[in-house]
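Take a look at the structure set out below.
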Amino acid sequence: MERMDIHSWSQPDRVRVRHLDLDLDVRFEQRILTGSATLHLDRFSGDELVLDTRDLEIRSVENAVSFEFGPADRVLGAPLRIHLRPDAVWVRIHYSTSPRASGLQWLDPPQTAGKRYPFLYTQSQAIHARSWIPLQDTPGVRLTFRADIRVPDGLRAVMGAGMADGHFQMDQPVPSYLIALAAGDLAFRELGPRSGVYAEPEVIDAAASEFADTEAMIRAVEELYGPYRWDRYDLLVLPPSFPFGGMENPRLTFATPTILAGDKSLVSLVAHELAHSWSGNLVSNATWGDFWLNEGFTVYVERRVIETIYGREREEMEAVLGRRELDREMASLKESDRVLHLDLTGRDPDDGCTLVPYEKGALLLRTMEQAVGRERFDAFLRSYFDYFAFRSITTADFLEYLRRELPNPVPVEEWIFQPGIPAGAAEPRSEAFAKVESGWPADTSAWSTQEWLHFLRSQNPPDMPRLDREFHFSESGNAEILHEWLLMAVKAGYAPVYPKIEIFLCSVGRRKFLKPIYTELMKTEEGRERARRIYAKARPTYHPIAQSTIDGIVG
Ligand code: BES
Ligand code: ZN
C-alpha cells in the first residue's frame, strides 16, 4: 500500500527497504553505536533511495554511486539521498550515532538498580528510529531484520526479535518504530510456556511475581481475536528513567518499573502492551495521524483482557478512570486535538500524543460494541485483525472495511473527524466508585488502587492535613497513588509534602508523571523557582524525549 507520510523524507513508492542487516558495537564510554546497516531493496522506479536520519555520522555507503544529506528539518531530521547503481538491490551504510541521539538513553551506573553497570535502551516510536538507524522511518513501510550487537563483557543485549544461530532475527515484517534494543546487567525469569521477564537482578523477583498473569492474558486475547503470532512474549523492566509506561516492541514489551506495585494493581499496562501484538504490531497505523487506530483499539482490547482476568468490577473502574481523565485533558486541548484523526502538519508526532486517541478511540469501540452486541463486534474485530494482518493502514482503510463489514453501527465519521464526544456514547459506570463518592470513608481496608485514585480525584477541595494524617499517602509504594497525591499537594500549596515531590521528580523519568507536576509548579512564582531548581538537578537523568517535553514547560 503506497502512503504519504508527512513525517518521513522517504519515497517508498520508488525504492523500498524490505530487509535490514544491522551490525553494531555498543560503546558506553563514547555513548555511541557504531557499525553498519545493510538495506535490501525493492526497486520500482528511479535511482535514488531516500532515507531518514537524525544526527547520524555517515562514514561511507558501499555499493552506491554517491550520497549526500539534504538540509535538516527541526522535526524530521535530514534526508540522506543515496544515488543507486542501476541494478543494485542493496547498499551498506557505515555510520555512528550521536551521543545525543533522540532515540537512545545512555545511563550511568548510578541510574540503575544495581549501580554497577551502565545501561542503554532505545525508544524508536514515533520517529526516533532514524536517530540510531538510517532507514525509511515511516510506519507505512514494513521490513524484516537481522542484527549482530556487540556489548562489553558482563552485559547482555536484548532486542524485540527472535534468535537464530546467534543473531537477532525478526522474520515478520514490522514498521521501523518497533525496532528496539537494550543492553545492561539483565537477569531473566520464565513466566510461562512462552513468556518471561528480563530485569536487573535486583528487580527480577518483584517483576516475576507482578507479571505472573501474563500467560493468562495472552490466552484471553487469543480467545477473543485469534492466535498470538509473534512466538514468544517477553517483558523488559527498564530503569525508572524510561519516559513511558510501556512500549509494545514486538516479542519484548519495554516497561517502567513504576508499575511494580506488589499487588498486580497496575498490570493493565501489560494487558495494554500485549494487546498491541494485535492492534498496532499486526495491524499498524500507516501514518502518525492514524495513531488512534493503534491506541484506541489497544485500550479497548486491554479493558477486555482486564475484564476476563480480574473481573467486570475492575474493568468498570478502569474505564471510568479513563473516561474522567479524558474529560479532564480535553478541557485544555484546542478543538483540532479533540478529534481522532489528527492533523500533525508541521508538528512532532510526540506532541500529538494526548489521551484523545487512547480514550476517545476506546470509547468509540465500546460504543460500537454496545450498538451491535458483543458477539458481532468480537467477530468483526477478529476478522479485521486477520484481514489487515502485517499491513499498515490509514483511517480511510478502516472506514472502508467498517462500511463493508459492519455498516452504520454509530456515527463513526463524527467520532473520527469532529471534536468532542458524540451523543449516544457509551457511559462506563462503576458501583464501587459510587460508594467511594458517598462521603468520608469508614472502612478502606479492602480498597483497590483504582478506588484510592478515584477517592483522591474526587476531593474538592481536598483537606490535605486530614488526608495526610489519616492515610499517609506520601508513604505509598504505589507510584500512581503517590503521583496523584503529590500533584494535589502542589495544587493545594501543601508544604509538608514538598521534599517528597523533589525526591519523586529526581528519581522517576516517566513523562506522564513529570508533565503534570512541573506544569502545576509553574503556575506560581514560588513554584516556578522550585521547578527550575529541581529540574536543573533532574534534567540530566531524564530521557531526551522527556527533556524536550519538560524544556517546553520549565524553559
Ligand atoms: N506505544 C505507546 C507508547 C508511545 C506512544 C511511545 C507514542 C511513543 C509515542 C504505548 O503502548 C503506550 O500507550 N503506553 C502508555 C501506557 C498505556 C497503559 C496507556 C504509556 O506509556 O503511558
Ligand atoms: Zn499503547
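One-based numbering, in listed order, for ligands and for the atoms of each. Owing to the predicted nature of the structure, the values given are computational and were not obtained by experimental measurement.
- Scanning all protein heavy atoms for the shortest distance to atom 6 (C) of ligand 1 gives Q125 OE1, 3.3 Å.
- Under a 4.0 Å N-O distance rule, the pair R347/D337 qualifies as a salt bridge.
- For the pair D350 and ligand 1, the shortest N or O to N or O distance does not fall below 3.5 Å.
- Electrostatic pairing of R314 and E318 counts as a salt bridge here, judged by a charged N lying under 4.0 Å from a carboxylate O.
- Residue contact annotation: R511 has no non-hydrogen atom under 4.0 Å from ligand 1.
- Contact analysis leaves Y177 out of contact with ligand 1, as no non-hydrogen atom separation drops below 4.0 angstrom.
- Note on E248: not counted as a metal contact of the Zn ion (ligand 2), no N/O/S atom lying under 2.8 Å.
- Considering just the N/O/S atoms of H272, the one nearest the Zn ion (ligand 2) carries the name NE2.
- Protein heavy atom nearest atom 21 (O) of ligand 1, with residue, atom name and distance: G245 N, 2.6 Å.
- Annotation: C353 places no N or O atom under 3.5 Å from an N or O atom of ligand 1; distance criterion only.
- Here the CD-CZ distance, from Q547 to R100, works out to 11.5 Å after rounding to the nearest 0.5 Å.
- Here's the thing with K512: none of its N/O atoms is less than 3.5 angstrom from an N/O atom of ligand 1.
- Residue-to-ligand polar distances place H272 within reach of ligand 1: an N/O pair is separated by less than 3.5 Å.
- Between H276 and ligand 1, at least one pair of N/O atoms sits closer than 3.5 Å.
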